[in-house]
Novice: 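The structure follows.
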Amino acid sequence: MTGTEYLSNRLTTALKKKDFAEPGEITIGLERPKFAEHGDLATNVAILLARKLKRNPREIATDIVQALELDPDVVTSAEIAGAGFINFRFGNGFYHNELRTILDAGSRFGQADWGNKKRVQIEFVSANPTGPLNIVSARAAAVGDVLANLLQAVDCDVEREYYVNDAGRQIRLLGMSVSARYMALLGQTEDFPEEGYHGLYIHELAQQLVDESGDQFAKMEQAERWKALSELALEKLLASQKEVLHSYRLNFDSWFREKKLRENNSHIDVLKTLTDKGFVFEKDGAKWFKSTQFGDEKDRVLITGEGEPTYFLVDVAYHADKYNRGFEKLHDLWGPDHHGYIKRMQAALLALGYQEGSFEVTIIQQVNLFQKGEVVKMSKRAGKIIEMKELLDEVGVDVARFFFIARRTQSPLDFDMDLAKNTSEENPVFYVQYAHARICNIINKAVAQGISLPKQVNLSPLDKKEELLLIKKLIEFPQTVSKAAKYLEPHRIPTYLQELAATFHKFYHHHRVVTDDVELAQARLGLIKGVQIVLANAFKLLGISAPERM
RNA sequence: GCGCCAGUAGCUCAGCUGGAUAGAGCAACGGACUUCUAAUCCGUAGGUCACAGGUUCGAAUCCUGUCUGGCGUACCA
């Protein structure tokens, strides 16, 4: 049992005994105080009760403390302070037990089960398959993957999905763009489409096609060639996207094709359902969805005047399909240019009868890439994009992932390429990884001297300030993971990691692990083993490596 | 105009969903390697939490308004 659980329990009993509150009536907040001299855990229940009971909070606190039945081996003191806080202090034995729990749990430490195997789908990246992945996709990829890891850690049943927009205008444009380049390579001219894709990769693709298939496509009718080349180009680009993502240690469980949706006429079904429910009307020759009824600022077109389904309609069908596949919770990561789109999607899903709040969107804000102090502009259509692969080649997977995760997703991110590359001292990634490498080194050293960690290690020699601080920091890990998962805030993990690494490095400089005092050495081995476990578990959540030497 | 996001140390950012005295890293300055890796540690300095009101025992955090910056506001995808 954790300290929080223990105290929360005892406090509930005490409140009931004094007739202050029924169990569950108020939430008992227990927090680690900012200042160590305030103790290990503090509660503000007395202050919260003050208004209800119309009494002085410090008096209430006194009553609570008197009513508390605490095991003196666990809690060594309960003091009233400030406005009416009750500050608790735990005995060393309590912390030794906590450390033992960590050692026993090993790679499972940090996990929770409140997810209840809920079926969650996270859809992310989903970039147009008309070019290589860019740096914004790299951010989304990291965030989505870590979110999925976090939800899995709290026992959700998570699927990672990539939505492939393989239908519609942009694919036709892709085929035409490739065709024009292809024909040019064969010495024939074909007009380059307006709004076509100018990127260098289009040339490369065309060259590849010439190398593989010669002039085979030049013999076709133009329309036939456009179709054939668009399909071929799409698959090739998709394959290269998969390759980059794989090197980023990200593997999607599902690649869902928009084309399939259209072939099954899923969007027509959705249109029918919405019409039957009375949420569709006609105006100016188009069919509209009454999204204003569900809080959107204006109604949205489903079928254009030309009789074509809009992207929106197909997208609604796509999300309905997710529910049909059995997911209880849908989570999408979208780019900043799509935030205006959230309301209408929520509106449509509500109109279809899906539960409010079961569909959630996180906007992954823009990434500004800096190089030599200047912003590097990127635009897929203009062909000047910063490729994800390029970034990975420059800074490596660990650094890229850590940098992207370390900031709140809703804040724009300035990515300083030179800084991330240069990376000796100022890079936090190495700081935390170094802690892990250091521990591995100490353990090796101990083994070389014939000291190893016994199964039932006696941890009682751990009584120094730095040792106890380290255990206290380790204990925070499960809570950090749970909150990161609950609030969908992966950046809490890197923040925690930096704190943990700092606490460890500090300990390292104050105390030696491998000493002649075997009892002490073994206890400290247990301590750093605990740190190693937590570091490794956190690295795994982030998808970065845990180096044994640096 | 309307909507979303952001504004905290010179820079990049945390701040555990309202708690006690505002926190790191980098940059600056001064120290620590005969030691399990100095990719580290110790210390100094640095703040009107954009601004103004409000809510209450208590606000960087919640509410209202203002200012600044980014993005969005298609019968495009």
Side-chain angles (χ1 to χ4, degrees), chain A residues 29 31-35 37-38 42 44 47 50-51 56-57 81-85 87 128 130 165 167-171 173 195 258 283-288 297-298 300-312 314-315 335-343 363 365-366 368 403 406-416 419 423-435 437-446 448-449 476 479-480 483-484 486-487 489 491-492 494-496 498-499 501-502 504-515 521 524 528 549-550:
Chain A
E31 288 191 342
R32 174 109 177 262
K34 205 164 4 183
F35 302 96
E37 58 272 27
H38 290 148
N44 61 348
I47 305 174
R51 193 175 316 167
N56 180 320
F85 295 98
N87 294 334
N128 269 337
T130 51
N165 295 123
R169 204 173 72 102
Q170 84 275 16
I171 298 300
L173 277 172
E195 289 185 90
E258 180 186 353
K283 195 180 89 180
D284 306 331
K287 291 188 175 170
W288 298 69
E297 56 197 52
K298 55 181 284 196
R300 307 293 174 177
V301 173
L302 298 171
I303 300 286
T304 68
E306 274 97 54
E308 288 289 317
T310 58
Y311 177 85
F312 172 57
V314 180
D315 212 11
D337 50 335
H338 279 71
H339 67 69
Y341 198 78
I342 299 174
K343 269 269 167 62
I363 295 296
Q365 283 292 345
Q366 203 180 338
N368 296 314
F403 269 54
R407 280 164 188 78
R408 304 212 313 294
T409 50
Q410 65 268 37
S411 307
L413 182 141
D414 291 338
F415 198 107
D416 188 332
L419 188 110
T423 64
S424 41
E425 289 190 78
E426 46 217 72
N427 198 325
V429 187
F430 295 122
Y431 182 80
V432 295
Q433 289 184 323
Y434 184 51
R438 235 179 187 174
I439 290 169
C440 294
N441 205 52
I442 299 171
I443 292 173
N444 289 339
K445 175 85 178 180
Q449 302 213 354
E476 289 176 23
Q479 205 182 18
T480 307
K483 288 196 175 176
K486 182 178 171 190
Y487 298 116
E489 293 181 342
H491 74 273
R492 287 166 186 255
T495 304
Y496 170 78
Q498 290 181 74
E499 290 167 6
F504 168 73
H505 286 309
K506 201 168 290 191
F507 158 79
Y508 173 90
H509 272 266
H510 281 86
H511 307 288
R512 284 187 63 84
V513 174
V514 184
T515 62
R524 285 188 176 157
I528 64 168
R549 59 184 67 246
M550 289 174 74

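Protein chains get the first letters and strands the later ones, always in sequence-line order, with residue 1 at the start of each. As the structure is a prediction and not an experimental result, all values here were calculated from the model.
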Novice: For the P atoms, the ones on B:C2 and on B:U8, what distance do you get once it is rounded to whole angstrom?
Specialist: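 Taking atom P in both B:C2 and B:U8, they lie 25 Å apart.
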Novice: What does A:E306 touch in the nucleic acid at a heavy-atom separation under 4.0 angstrom: a base, only the sugar-phosphate, or nothing?
Specialist: nothing
Novice: Taking atom P in both B:A6 and B:G46, compute the distance separating them and give it to the nearest angstrom.
Specialist: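 After rounding to an integer number of Å, I get 30 Å for this pair.
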Novice: Check whether the side chain of A:Y431 and the base of B:U40 form a donor-acceptor pair under 3.5 Å.
Specialist: no
Novice: Using a cut-off of 4.0 Å on non-hydrogen atoms, how would the nucleic acid contact of A:Y341 be classed: base, sugar-phosphate, or nothing?
Specialist: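 Result for A:Y341 = base.
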Novice: With the side chain of A:Q410 defined as its heavy atoms from C-beta on, choose the nearest nucleotide among B:A74, B:A14, B:A6.
Specialist: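 Nearest nucleotide to the side chain: B:A6.
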Novice: When you match A:H505 and A:R408 each to their closest nucleotide on RNA chain B, which lands nearer the 5' end?
Specialist: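 Mapping each residue to its closest nucleotide by heavy atoms, the 5'-most match is A:R408.
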Novice: For the CG atom of A:N44 and the CD atom of A:E31, what is their distance to the nearest 0.5 Å?
Specialist: 7.0 Å
Novice: How many angstroms lie between atom OH of A:Y311 and atom CD of A:Q170, to the nearest 0.5 angstrom?
Specialist: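 One gets 8.0 Å once the value is rounded to the nearest 0.5 Å.
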Novice: Nearest heavy-atom pair of A:F312 and A:V301: which atoms, and what distance?
Specialist: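 Nearest heavy atoms, A:F312 then A:V301: CD2-O, 4.0 Å.
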Novice: Roughly, in whole Å, what's the span from CZ in A:R492 to P in B:C16?
Specialist: 7 Å
Novice: Can you find a donor-acceptor N/O pair under 3.5 angstrom joining the side chain of A:N87 to the base of B:A20?
Specialist: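 Side chain to base: pair found, below 3.5 Å.
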Novice: Does A:K287 place a side-chain N or O at less than 4.0 Å from the phosphate oxygens OP1/OP2 of B:C75?
Specialist: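 It does not, given that no N or O in the side chain of A:K287 lies less than 4.0 Å from OP1 or OP2 of B:C75.
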Novice: Whole Å only: how far is the CD1 atom of A:I47 from the P atom of B:A20?
Specialist: 10 Å
Novice: Can you tell me how far OG1 of A:T495 sits from CZ of A:R407, rounded to the nearest 0.5 angstrom?
Specialist: 10.0 Å
Novice: Closer than 4.0 Å, any side-chain N/O of A:Y311 to the OP1 or OP2 of B:A77?
Specialist: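 So the side-chain polar atoms of A:Y311 never come under 4.0 Å of the phosphate oxygens OP1 or OP2 of B:A77.
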Novice: Determine the Euclidean distance between corresponding P atoms of B:C4 and B:G19; express it in Å to zero decimal places.
Specialist: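 Here B:G19 and B:C4 have their P atoms 25 Å from each other.
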Novice: Considering only heavy atoms and no angle criterion, is a donor-acceptor pair shorter than 3.5 Å present between the side chain of A:H338 and the base of B:A77?
Specialist: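 In this structure, the two groups form a donor-acceptor pair.
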Novice: For A:H509 and B:A39, give me the distance from atom NE2 to atom C1', rounded to whole Å.
Specialist: 11 Å
Novice: Closer to the 5' end of RNA chain B via nearest nucleotide, is it A:V301 or A:G340?
Specialist: A:G340
Novice: Given atom CD1 of A:I363 and atom P of B:U73, what is their separation to the nearest angstrom?
Specialist: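 The distance from CD1 of A:I363 to P of B:U73 comes to 12 Å, rounded to the nearest Å.
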Novice: Measure from CZ on A:R407 to P on B:A6 and round the result to the nearest Å.
Specialist: 16 Å
Novice: If we ignore hydrogens and angles and just use 3.5 Å, is the side chain of A:H505 paired with the main-chain N or O of A:Y431 as donor and acceptor?
Specialist: yes
Novice: Send over the distance from A:Q498 CD to B:A14 P, rounded to a whole Å.
Specialist: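 Taking CD of A:Q498 and P of B:A14, I get 11 Å after rounding.
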Novice: Could you give the CD-to-C1' distance, from A:Q479 to B:U17, as a whole number of Å?
Specialist: 13 Å
Novice: Going by purine N1 to pyrimidine N3 plus the second Watson-Crick contact, or the G-U wobble pair, all under 3.5 Å, which nucleotide sits opposite B:U66?
Specialist: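 The answer is B:A50, by the H-bond criterion.
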Novice: Minimum heavy-atom separation for A:K283 to A:W288, with atom names?
Specialist: O-NE1, 3.2 Å
Novice: Using the C1' atom in both, what is the distance from B:G18 to B:G54, to the nearest Å?
Specialist: 15 Å
Novice: Please report the distance separating the P of B:A22 from the corresponding atom of B:U61, rounded so that it comes out in whole Å.
Specialist: 14 Å
Novice: Sticking with atom C1', work out how far B:C41 lies from B:A60, rounded to a whole angstrom.
Specialist: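 Comparing C1' positions in B:C41 and B:A60 gives a spacing of 31 Å.
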Novice: NZ of A:K506 versus P of B:A38: gap in Å, rounded?
Specialist: 17 Å
Novice: For the side chain of A:V513, counting heavy atoms from C-beta on, which of B:A77, B:C36, B:A38 is nearest?
Specialist: B:C36
Novice: Base, sugar-phosphate, or nothing: which does A:E31 touch, judged by heavy atoms less than 4.0 Å apart?
Specialist: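 Sugar-phosphate, backbone atoms only, no base.
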Novice: Within the 4.5 Å heavy-atom criterion, are A:N427 and A:F403 side-chain neighbours or not?
Specialist: yes
Novice: Find the partner of B:U44: check Watson-Crick (N1-N3 plus N6-O4 or O6-N4) and G-U wobble (N1-O2, O6-N3) distances, both under 3.5 Å, and reply none if neither fits.
Specialist: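 Paired with B:U44, as far as the under-3.5 Å criterion goes, is B:A28.
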Novice: Give the nucleotide from the list B:C76, B:G72, B:A20 with an atom nearest to the side chain of A:F35.
Specialist: B:A20
Novice: Can you tell me the pairing partner of B:C33 across any strand shown, Watson-Crick or G-U wobble, with both distances under 3.5 angstrom?
Specialist: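 Pairing partner: none.
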Novice: Within the structure shown, what part of the strands sits under 4.0 Å from A:Y487 by heavy-atom distance: base, sugar-phosphate, or nothing?
Specialist: base
Novice: Of all the nucleotides listed (B:G19, B:A20, B:C75), which has the minimum atom distance to the side chain of A:D284?
Specialist: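 The answer is B:C75.
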Novice: Which base sits across from B:A60 as a Watson-Crick or G-U pair, both distances under 3.5 Å?
Specialist: none
Novice: Looking only at heavy atoms, which two atoms of A:I171 and A:T130 are closest? And how far apart?
Specialist: CD1-CG2, 4.2 Å
Novice: Return the pairing partner of B:C2 with a 3.5 Å limit on both distances, Watson-Crick or G-U wobble; otherwise return none.
Specialist: B:G72
Novice: Has the side chain of A:H339 got a donor or acceptor atom sitting under 3.5 Å from an opposite partner on the base of B:C71?
Specialist: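 Pair found.
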Novice: Contact class for A:E37 (heavy atom, under 4.0 Å): base, sugar-phosphate, or nothing?
Specialist: base
Novice: Remember a base hit wins even if backbone is also touched, and classify A:A42 as base, sugar-phosphate or nothing at under 4.0 Å, heavy atoms.
Specialist: base
Novice: So if I take every side-chain heavy atom of A:R438 and compare against B:A77, B:A38, B:A20, which nucleotide ends up nearest?
Specialist: B:A38
Novice: Taking A:I303's backbone N and O only, do any of them form a donor-acceptor pair with A:T310's side chain (distance below 3.5 Å, no angle check)?
Specialist: no
Novice: Given the P atoms of B:G47 and B:G53, what is the spacing between them in whole Å?
Specialist: 22 Å
Novice: Starting the side chain at C-beta, find the nucleotide from B:A20, B:C36, B:C71 nearest to A:P33.
Specialist: B:A20
Novice: For residues A:P494 and A:A406, report the shortest heavy-atom separation together with the two atoms involved.
Specialist: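 Shortest heavy-atom separation between A:P494 and A:A406 comes out as CG-CA, 3.8 Å.
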Novice: Both distances below 3.5 Å, Watson-Crick or wobble geometry, any strand: find the nucleotide opposite B:C16.
Specialist: none
Novice: Should the side chain of A:N44 and the base of B:G19 be counted as holding a donor-acceptor pair, with the cut-off at 3.5 Å?
Specialist: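 Indeed there is one.
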Novice: Would you indicate which nucleotide in B:C71, B:C75, B:A20 comes nearest to any side-chain atom of A:H38?
Specialist: B:A20
Novice: Taking the side chain of A:K298 as its heavy atoms from C-beta onward, which of B:C36, B:A77, B:A74 lies nearest to it?
Specialist: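 So the nucleotide nearest the side chain must be B:A74.
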Novice: Of the listed nucleotides (B:A77, B:C36, B:A38), which one gets closest to any side-chain atom of A:R169?
Specialist: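 Nucleotide nearest to A:R169's side chain: B:A77.
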Novice: Describe the nucleic acid contact of A:K343 in one word from base, sugar-phosphate, nothing, applying a heavy-atom distance below 4.0 Å.
Specialist: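 The residue A:K343 makes no contact with any strand.
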Novice: Rounding to the closest angstrom, what is the interatomic distance between B:U73 and B:A20 at atom C1'?
Specialist: 45 Å
Novice: Which part of the nucleic acid, if any, lies within contact of A:R512, taking any heavy atom under 4.0 Å across all strands shown: a base, the sugar-phosphate backbone alone, or nothing?
Specialist: base
Novice: Give the nucleotide from the list B:C36, B:C75, B:G15 with an atom nearest to the side chain of A:H491.
Specialist: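 Nearest to the side chain of A:H491 among the choices is B:G15.
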Novice: Planes under 30° and centres closer than 5.5 Å, is that true for A:Y508 with the base of B:U40?
Specialist: no
